[in-house]
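Computed from a prediction, not measured in an experiment: that's the story for all the values here. In what follows, residues are counted from 1 in the order of the sequence shown.
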Amino acid sequence: MKLIDFYECDDREAILSQLEAMKNEWAAIPLLVSLIRQDTYHATLGNGTLFVLVDEEHLTNGKPTIASFANFCDGDEIDTPLCPWIGFVFTAPAYRGHRLMGQIIEHCMKLAVAAYPKSEYVYISTGETGLYEKYGFEFFQNMESRWNGTTHVYRRKIVRS
């Protein structure tokens, strides 16, 4: 597995094509692709990027297959000054159960130390219960989402040396 920063990679189109092919796997994928294609990703989510974990041993149309992805940005679906956020969290069905998302989360937690020196926590908004606790997150509160009503917000303390 290899972790790729979407906005720093050379073949964004291959990633977008795979994401588009996965649109029926999760309702949020079309929104993510739309934000990127319409060049409104950063205007909507603030500074940050989309991290993609690819399986270099399995190819899709000649390119490494997307196993998991998540963004790490100033914002997410919540209109709040809290930051940073991990969002658009997804693992392809064939790759579930291997805690691949944990690799992306840990990468984001390390980045948060320097990228967000004034922040105490990293946040995740989700409709899930019992998933993010496995990755060290605790329930914070329910908040209003700009896209789909009330959402659960979890947080994890940023550990500084």
Side-chain angles (χ1 to χ4, degrees), residues 1-9 15 18-19 22 25-36 40-56 64-161:
M1 296 289 170
K2 179 179 179 182
L3 188 61
I4 296 171
D5 180 327
F6 174 81
Y7 283 98
E8 292 183 4
C9 78
I15 292 171
Q18 282 190 52
L19 288 174
M22 299 166 75
E25 299 287 337
W26 183 40
I29 292 175
L31 174 60
L32 173 62
V33 170
S34 173
L35 290 171
I36 294 169
T40 56
Y41 179 89
H42 291 104
T44 304
L45 301 173
N47 294 319
T49 195
L50 175 67
F51 289 110
V52 183
L53 191 61
V54 296
D55 182 347
E56 295 179 295
T65 299
I66 294 174
S68 194
F69 60 84
N71 70 320
F72 183 59
C73 294
D74 294 342
D76 193 39
E77 64 178 336
I78 310 293
D79 186 19
T80 177
L82 298 174
C83 72
W85 292 81
I86 295 173
F88 286 104
V89 178
F90 182 80
T91 299
Y95 294 92
R96 291 181 183 157
H98 302 286
R99 296 180 63 102
L100 297 179
M101 184 48 56
Q103 293 178 39
I104 298 174
I105 289 172
E106 292 310 315
H107 182 73
C108 293
M109 294 304 297
K110 288 176 187 171
L111 290 176
V113 173
Y116 295 93
K118 295 181 180 180
S119 296
E120 188 174 354
Y121 296 96
V122 171
Y123 299 89
I124 289 180
S125 168
T126 182
E128 301 292 327
T129 302
L131 175 61
Y132 295 103
E133 291 88 341
K134 292 186 257 185
Y135 301 108
F137 286 82
E138 63 183 7
F139 178 75
F140 174 53
Q141 67 185 46
N142 287 320
M143 298 178 87
E144 287 300 312
S145 162
R146 55 180 134 166
W147 293 312
N148 58 353
T150 303
T151 184
H152 307 303
V153 175
Y154 289 79
R155 68 184 184 181
R156 179 172 159 187
K157 191 155 183 70
I158 298 171
V159 179
R160 303 184 194 283
S161 303

Please output the side-chain donor-acceptor pairs of residues 44-52 that fall under 3.5 Å, not counting sequence neighbours, one pair per line with the distance.
from	atom 1	to	atom 2	distance (Å)
Thr44	OG1	Thr40	O	2.8
Asn47	ND2	Asp74	OD2	3.4
Thr49	OG1	Asp5	OD1	2.5

Which pair of heavy atoms, one from Leu19 and one from Ile29, lies closest together, and at what distance? O-CG2, 3.2 Å
Verdict with supporting geometry, Leu100 and Met1, side chain to side chain contact (heavy atoms under 4.5 Å, CB included): CA-CA 9 Å; Leu100 297 179; Met1 296 289 170; 4.1 Å; yes
When rounded to the nearest 0.5 Å, the distance separating CD1 of Ile124 from CZ of Phe88 is 13.5 Å
I'd like to know whether Tyr7 forms a side chain to side chain contact (heavy atoms under 4.5 Å, CB included) with Ile36, so could you lay out the CA-CA distance, the side-chain angles of the two residues, the decisive distance to 0.1 Å, and finally the verdict. CA-CA 10 Å; Tyr7 283 98; Ile36 294 169; 3.7 Å; yes
Between the OG1 atom in Thr126 and the CZ atom in Phe137, the distance rounded to the nearest 0.5 Å is 11.0 Å
Spacing of NE2 belonging to His42 relative to CG belonging to Asn71, to within rounding of 0.5 Å: 9.0 Å
Side chains of Pro64 and Lys2, heavy atoms from C-beta outward: is any pair under 4.5 Å? no
Any side-chain heavy-atom pair from Tyr132 and Val89 closer than 4.5 angstrom? yes
Only counting residues at least two apart or in another chain, list the ones meeting side chain to side chain donor-acceptor pair (under 3.5 Å) with Ser68. Thr91
Give me the atom names and distance for the closest heavy-atom approach of Tyr154 to Gly130. OH-N, 4.2 Å
Check side chain to side chain donor-acceptor pair (under 3.5 Å) between Glu138 and all other residues, then give those that pass, not counting sequence neighbours. Arg155
Roughly how far apart are Gln141 CD and Thr80 OG1, rounded to 0.5 Å? 8.0 Å
One should read off an interatomic distance between Thr151 OG1 and Arg146 CZ, to the nearest 0.5 angstrom, of 12.0 Å
For residues 101-115, which side-chain N or O atoms pair as donor and acceptor with protein atoms under 3.5 Å away, sequence neighbours left out?
from	atom 1	to	atom 2	distance (Å)
Glu106	OE1	Arg156	NH2	3.1
Glu106	OE2	Arg156	NH1	2.7
Glu106	OE2	Arg156	NH2	3.2

Scanning both residues in full, the closest heavy-atom pair of Met22 with Ala92 reads CE-CB, 4.0 Å
Applying side chain to side chain donor-acceptor pair (under 3.5 Å), can you list everything that pairs with Tyr95, at least two apart in sequence or on another chain? Asp55
In Trp85, Tyr121, Phe72, the residue satisfying ring-ring contact (aromatic ring centres under 6.0 Å, His included) with Tyr116 is Phe72
Residue pair Pro84 / Cys73, side-chain heavy-atom distance below 4.5 Å: no
Please identify each residue that fulfils side chain to side chain donor-acceptor pair (under 3.5 Å) with Glu120, with sequence neighbours left out. Lys157
Have Gln18 and Thr65 got a donor and an acceptor in their side chains that come within less than 3.5 Å? no
Least distance between heavy atoms, Arg160 atom then Pro117 atom: NH2-O, 3.5 Å
Taking the side chain from Thr150 and the backbone from Met143, do they hold a donor-acceptor pair closer than 3.5 Å? no
Rounded at 0.5 Å granularity, tell me how far CD1 in Ile86 sits from OG in Ser125. 12.0 Å
